2 protein chains.
Amino acid sequence: MTGTVVPDRRGRRRQETIEQVLAVAVEVMTEQGAAGLTLGEVARRMGIRPPSLYGYFDGKHALYDALFERGWRALQGVLEQAGAIADGADPLTAWRGGTTALVRWAVEHPAHSALMFWRPVPGFTPSPEAYAPAVALDAESRALLVRLRDAGHLAADVDLDRAYRAWTALVGGVISQQLSNAPGEPFETGAFTTVLPDVMDMWLDHHRANPSAR
Amino acid sequence: MTGTVVPDRRGRRRQETIEQVLAVAVEVMTEQGAAGLTLGEVARRMGIRPPSLYGYFDGKHALYDALFERGWRALQGVLEQAGAIADGADPLTAWRGGTTALVRWAVEHPAHSALMFWRPVPGFTPSPEAYAPAVALDAESRALLVRLRDAGHLAADVDLDRAYRAWTALVGGVISQQLSNAPGEPFETGAFTTVLPDVMDMWLDHHRANPSAR
DNA sequence: GTCTATACTACGATAGAC
DNA sequence: GTCTATCGTAGTATAGAC
């Protein structure tokens with residue numbers, strides 16, 4: 001529920017502190033890895049003592065939880081902005097743009113991505129509330145594939161569930177390889193992000209209509 | 001260098017203990033996640049005290065290092081057995097079989113895989129010796145793609161480096177998704193391992209010769 | 001609401017007795 | 001080679017002063 005409170009005068013400063021805690025946590029996770037987050041380090045960088053953090057979060061897991069949820073919400077926003085969620089736009093453009101924007105966001109937010117796509121933190125399981133936006137995005141992504149098929153870009157008899165699983169594997173693979181093997185590289189020149197167009201073509205060709213032309 | 005000593009009568013028992021330490025460590029990592037390994041837990045399960053472990057390994061990182069190295073060596077063995085390294089076999093069969101065997105091994109060894117494919121342990125970087133088999137496998141995999149091209153299964157003018165990066169992304173994506181989102185599922189029925197044939201076809205079709213037929 | 005002080009637990013690692 | 005004992009550190013969390 002973080003971030004949903006009314007920003008009255010009282011709560012504004014509190015909200016700013018919460019944002020700062022999360023920002024510093026991301027900083028630490030980016031440097032040390034997602035599992036390398038410690039409340040002591042966050043407090044140190046903020047110039048406060050570890051116990052003070054408990055006024056804003058119920059311990060370290062609550063921090064992970066907030067970042068997990070915000071990450072998926074951010075991805076939703078990214079896909080929406082790419083027109084992948086709105087019904088109006090051309091599905092193929094939306095799919096290409098959305099996939100590209102998603103991968104870009106992921107490699108530019110490695111701390112969030114590790115938390116969202118892997119399970120790097122022993123003992124941490126996202127709460128149902130934090131998981132909800134991930135489920136929503138899943139549904140929206142599947143809906144996009146339906147639109148893609150209905151617009152004639154995929155074969156009419158395509159197995160959409162199977163195609164969706166393959167798509168997540170492809171996208172997740174590019175992200176995973178880029179973050180694990182060449183973490184610092186920017187999206188534009190990354191060893192793996194640069195093959196994303198190829199990968200999208202592979203998926204599209206494989207599921208495209210008129211297979212006789214293959 | 002673990003495992004390379006001559007198995008004389010003196011060292012045999014020691015070697016067995018080393019194997020047991022590693023086996024228990026894998027057990028713990030499988031349950032708790034790669035970063036959840038603690039020497040105390042390993043010692044507890046072995047019925048000894050944590051300091052005794054230092055007679056066999058120079059601390060926790062040495063354990064990770066040994067598992068990292070053994071994992072890549074095991075993968076080499078898996079690919080070799082699939083004929084993906086030997087020069088004699090049919091490249092296409094070797095490539096399909098090798099890729100399949102590699103993914104199977106990975107999902108059946110989640111603790112090793114996490115260590116090898118992601119960077120889940122803060123502060124751990126594999127030593128050059130542990131990294132060597134990974135480099136060797138990289139070279140062997142690239143050599144397989146060369147054979148694949150020379151046998152006419154790929155376009156003659158294919159960008160092999162780019163194709164190789166795409167291949168690792170695809171394979172890594174299937175492994176990553178399977179381990180992160182459905183860890184318990186067996187290879188045969190996994191939600192993501194079952195799309196591996198599709199994914200291999202995508203890659204192959206994309207790089208196949210006579211592109212005019214596409 | 002924020003701090004200091006502190007309790008508690010656990011971990012990695014070392015020293016030295018047996 | 002294994003143990004006990006212990007060091008040093010870190011991290012989570014609570015109690016209570018200000």
Side-chain angles (χ1 to χ4, degrees), chain A residues 2 5-22 24-29 31-67 115 120-125 127, chain B residues 2 5 7-22 24-25 27-29 31-68 115 120-127:
Chain A
T2 321
V5 293
V6 183
D8 61 354
R9 213 195 236 85
R10 159 87 78 151
R12 256 239 325 252
R13 173 149 172 67
R14 176 180 173 78
Q15 193 56 38
E16 281 169 11
T17 308
I18 288 176
E19 299 302 326
Q20 197 198 348
V21 172
L22 292 176
V24 172
V26 167
E27 201 180 286
V28 175
M29 290 166 69
E31 294 171 19
Q32 313 285 336
L37 178 67
T38 68
L39 296 185
E41 185 60 29
V42 172
R44 200 169 298 127
R45 298 191 187 197
M46 291 181 66
I48 63 175
R49 306 292 148 189
S52 305
L53 292 171
Y54 284 81
Y56 307 98
F57 290 95
D58 277 346
K60 194 162 75 158
H61 277 13
L63 255 161
Y64 282 130
D65 215 49
L67 291 175
L115 213 52
V121 182
F124 168 65
T125 312
S127 65
Chain B
T2 320
V5 292
D8 60 354
R9 209 192 237 92
R10 159 87 81 151
R12 257 242 321 254
R13 172 147 174 70
R14 176 181 172 79
Q15 193 57 35
E16 281 169 11
T17 308
I18 288 177
E19 299 302 326
Q20 196 198 349
V21 172
L22 292 176
V24 172
E27 201 180 286
V28 175
M29 289 166 70
E31 294 170 20
Q32 313 285 334
L37 177 68
T38 66
L39 296 185
E41 185 59 29
V42 172
R44 199 169 300 124
R45 298 191 186 198
M46 291 182 66
I48 61 174
R49 304 293 147 188
S52 304
L53 293 170
Y54 284 82
Y56 305 98
F57 290 95
D58 277 346
K60 194 162 77 158
H61 278 13
L63 255 160
Y64 282 130
D65 214 49
L67 292 175
F68 185 92
L115 213 51
V121 182
F124 169 65
T125 312
S127 66

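As the structure is a computational prediction, the values presented were derived from the model and not from experiment. The basis for the numbers below is simple: all heavy atoms, side chains too, and nothing from hydrogens, waters or symmetry mates. Chain A is the first sequence line, chain B the second, and so forth, proteins listed ahead of strands; every chain is numbered from 1.
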Q) Which one of B:R13, B:R12, B:E19 satisfies the side-chain hydrogen bond (donor to acceptor under 3.5 Å, both in side chains) criterion with B:Q15? A)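 Of the listed options, the one satisfying the test is B:E19.
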Q: Rounded to the nearest 0.5 Å, what's the gap from NE2 on A:H61 to OG on A:S127? Could you check?
A: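 Taking NE2 in A:H61 and OG in A:S127, the distance rounds to 11.5 Å.
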Q) Does B:R44 pair with B:E27 as a salt bridge, N-O distance under 4.0 Å? A)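 Looking at B:E27 together with B:R44, the answer is no, because their closest N to O distance does not fall below 4.0 Å.
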Rounded off to whole Å, could you give me the [atom1]-to-[atom2] distance for the [X] and [N] pair?
| X | N | atom1 | atom2 | value |
| --- | --- | --- | --- | --- |
| B:L53 | C:dG12 | CG | P | 10 Å |
| B:R13 | D:dT2 | CZ | C1' | 11 Å |
| A:Y56 | C:dC3 | OH | C1' | 11 Å |
| A:Q32 | D:dG11 | CD | C1' | 14 Å |

(Q) For a quick test of reading the model: is some side-chain N or O of A:R49 closer than 4.0 Å to OP1 or OP2 of C:dT4? (A) yes
Q) Has B:Y54 got a side-chain N or O lying under 4.0 Å from the OP1 or OP2 atom of D:dG1? A) no
So which protein N/O to nucleotides 8-11 of chain C N/O distances come out below 3.5 Å?
none

Q: For the pair A:K60 (side chain) and A:L37 (backbone), establish whether a donor and an acceptor sit closer than 3.5 Å, ignoring hydrogens and angles.
A: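 Yes, the answer is positive, given that a donor and an acceptor are paired below the 3.5 Å cut-off.
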Q) Does the B:Y64 side chain pair with the main chain of B:T125, one donor and one acceptor, at a distance under 3.5 Å? A)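 No, the answer is negative, given that no donor and acceptor are paired below the 3.5 Å cut-off.
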Q. Quick check: are there more than 12 heavy atoms from other residues, nucleotides or ligands sitting under 6.0 Å from CZ of A:R45?
A. yes
What pairs of nitrogen or oxygen atoms, one from the protein and one from nucleotides 15-18 of chain C, lie under 3.5 Å apart?
none

Q: Using a 4.5 Å cut-off on heavy atoms from C-beta on, say whether the side chain of A:Q32 contacts that of A:T38.
A: no
Q | Sole residue of A:V26, A:L39, A:D58 in side-chain contact (heavy atoms from CB on, under 4.5 Å) with A:L63 | A | A:L39
**Q.** Whichever of A:G59 and B:I48 has its nearest DNA chain D nucleotide further upstream toward 5'
**A.** B:I48
